There are 2 protein chains.
Amino acid sequence: MERPELPLPQLHAFVVLAEELHFGHAAARLGIAQPPLSQQIRRLEDRVGHALFSREPGRVALTAAGRELLPAARRALTDLTDGLAAARAVGSGRAGRLRIGFAASLALTVLPGLLRTFRQRFPAVHLDIREMTTAPQIAALHDKAIDIGLLREPPADEPEIAFRTVLSEPFVAVLPAAHPLAAQRTVHIAQLADSPFVLLPRAAGPGLYDRITGLCTDAGFTPRTAQHAVEWQTVCALVETGLGVSLAPAGIRRIRLKGVAFRGIAPGTARTRVAVAWREADPNPLVAHLLATVGGE
Amino acid sequence: MERPELPLPQLHAFVVLAEELHFGHAAARLGIAQPPLSQQIRRLEDRVGHALFSREPGRVALTAAGRELLPAARRALTDLTDGLAAARAVGSGRAGRLRIGFAASLALTVLPGLLRTFRQRFPAVHLDIREMTTAPQIAALHDKAIDIGLLREPPADEPEIAFRTVLSEPFVAVLPAAHPLAAQRTVHIAQLADSPFVLLPRAAGPGLYDRITGLCTDAGFTPRTAQHAVEWQTVCALVETGLGVSLAPAGIRRIRLKGVAFRGIAPGTARTRVAVAWREADPNPLVAHLLATVGGE
DNA sequence: GCGCTCCATACCTCCAGAGATATCAGGTCA
DNA sequence: TGACCTGATATCTCTGGAGGTATGGAGCGC
């Protein structure tokens, strides 16, 4: 890459003159007087070392050398204006790419609305959406493998990562339709003490897992886990088969399954928080934009 | 085409720094001190409106905006250096295109050597070679359809067209091998008075035609034309069949045909000139180069 | 011949940018 | 803690280019 020899303003003048083939008109299009244009062209020709235009009285025409230079000059100019526009779009956060990790349970609740409004506000932004459980999201944020995390029960005091609560959901009891408690409108957690539980594995999201088991111990028992499943969809299916019951964020009511009943619980104060997470020091304007779209806190 | 916003020197510095990712090294590669480089980058970032590099202590890295701008800057710079080189090559006559018209009878004599030496001197020049008789060559020169003509018996006083003699050939008599005169080493033109002639049509090259008939009238007779043919090759073939005799430039001896004899003529002073023709005012350096390669005069 | 068009030339102003040196500030490492 | 690396900042000089106005000079049409 050698040092550039031809100044851009001269090349711009060259391209315009090549289009107009008339010094007066070209100068007008450039918004300058005619003599400066003559000078620009002359300087450019001096640098190139050869005439770029033939000036026979009455007609200006490109020389062979000019014809050779013209496409290169055109490409360079358009490349630069396009590149500049793209860089500005990305720099200002009107374009670019944002990598989002989300917990599976949010695929049916907060995620769709969020994506819809963000996409209509920033249509030029490419969104990379990947399902991840909580712990990998935190790791991916540290590794800069994702820019945004959407998770439940944000861990306290994670260094360099910031959280903002987006949604606070009550819990519901997930019961087989045939379960005796399904007859009640509301279920006391303590009433679940004798039923086996179907839960997500703790590793998938320690925060939520501990929250659920915490609710049980608060109610005076330790839940007996009959089965683990990695998706809420599966949890519901297993509950339907009568394998056990579960406690889940209210959002999973959207999973409609015939043999499964969802019932509010008492005490109703038990809630689970959905949070958005990001690197505190991330300069990416898209992160700020996304935070503005989710609102919350 | 809008006015360019980003000066090339800054883009150059940007590209080099993007490659080195180290201000000191990049400055060294640019042959300047480090502070000016910091300034250049800063100015560029100010224009773009966004940071192009992230300077965390210990490591310099491109930002998303910088990654967006980099390929455009690279392309623009290489386009310009390439375009400049091409324009200079064409301007100086080291490259480009030259259109040459030539008389068919020269395809076997002056043309091959001329093309060979020109091509080895200017390998980047594309040669457009087309066969044309004399009159169309002159017209094509005026119309700028060709840049160089190679013809016989250049017309005197053609305005704006210059000629230079490349070769002066004697005439030879073209005889059927069985012709009585084929027994002589040299033939007097007058001896051909009773034989019918095979000639090129006058329109193909009035100069040469008039020259040949002039030789005959000088020898005291008017040639009787038995047949016209548009190529010397055909002339020879017709002579071989015994249809007549001919007078031709010595160069056609290269056409080896069993039944045809070539004999020198008396007086031996009769010669035909091959000339190169060009537009007197042609600024194309390739024309000058070609004239230099043919030499002559 | 006169005026018009069109480009070139001459000459001036002005400023942005490229370059320098000197110095400072934040990290890293021994 | 001090030496060192790395990049930023401050300040100065100087030049080249971009722009202007005024004018010259070659063709062309009437």
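To find a chain, count down the sequence lines: A is the first, B the second, and so on, and within it residues start at 1. This structure is a prediction, so every number in the text was calculated from the model and none was measured.
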Query - Residue-phosphate contact under 4.0 Å: A/His22 side-chain N/O, C/dC7 OP1/OP2 - result: yes
* **Parallel, tilted or perpendicular, as decided by the 30° and 60° cut-offs, for the rings of A/His25 and A/His22** => parallel
Rounded to whole Å, CZ of B/Phe23 lies from P of C/dG27 at a distance of 16 Å
From the list B/Ile129, B/Asp147, B/Ile146, B/Val276, side chain to side chain contact (heavy atoms under 4.5 Å, CB included) with B/Ile100 holds only for B/Ile129
Taken to the nearest whole Å, CG/B/Leu21 to C1'/D/dG7 is 14 Å
Closest non-hydrogen atoms of A/Ala87 and B/Val48, given as atom of the first, atom of the second and distance, are CB-CG1, 4.3 Å
Open item on the list: Below the 4.0 Å mark, does D/dT6 have OP1 or OP2 next to a side-chain nitrogen or oxygen of B/His25?
Closed with: no
Here the distance between atom C1' of D/dT9 and atom CZ of B/Arg55, to the nearest Å, is 13 Å
When rounded to whole Å, the CZ to P distance for the pair B/Arg59 and C/dG26 reads 20 Å
Atom CG of B/Leu37 and atom C1' of D/dG7 are separated, to the nearest Å, by 10 Å
*asked:* So, does B/Ser38 get its side chain near the phosphate of D/dA8, meaning an N or O under 4.0 Å from OP1 or OP2?
replied: yes
Using atom names, set out every protein N or O paired with an N or O of nucleotides 18-22 of chain C below 3.5 Å, distance rounded to 0.1 Å.
unit_1	atom_1	unit_2	atom_2	d
C/dA18	OP1	B/Gln40	OE1	3.4
C/dA18	OP2	B/Gln40	OE1	2.6
C/dA18	OP2	B/Arg43	NE	3.2
C/dA18	OP2	B/Arg43	NH2	2.9
C/dA18	O5'	B/Gln40	OE1	3.3
C/dG19	OP2	B/Gln40	NE2	3.1
C/dA20	OP2	B/Ala33	N	2.8
C/dA20	N6	B/Gln39	NE2	3.0

Is the number of heavy atoms from other residues, nucleotides or ligands within 6.0 Å of CZ (A/Arg42) greater than 12?
no
Atom CD1 of A/Ile41 and atom P of D/dA18 are separated, to the nearest Å, by 10 Å
Electrostatic pair A/Asp282-A/Lys144, nearest N-O below 4.0 angstrom:
no
Show, in sequence, the C-alpha distance, side-chain angles and deciding distance for B/Gln40 and B/Phe14, and conclude whether the side-chain contact (heavy atoms from CB on, under 4.5 Å) test is met.
CA-CA 8 Å; B/Gln40 299 251 51; B/Phe14 166 64; over 6 Å; no
* Asked: Taking NZ, NE, NH1 and NH2 as the nitrogens, is one of them in B/Asp79 or A/Arg74 under 4.0 Å from a carboxylate oxygen of the other?
  -> no
In whole angstroms, the gap separating C1' of D/dA10 from CZ of B/Arg42 amounts to 11 Å
Rounded to whole Å, the CG-P distance (B/Leu44 to C/dA16) equals 17 Å
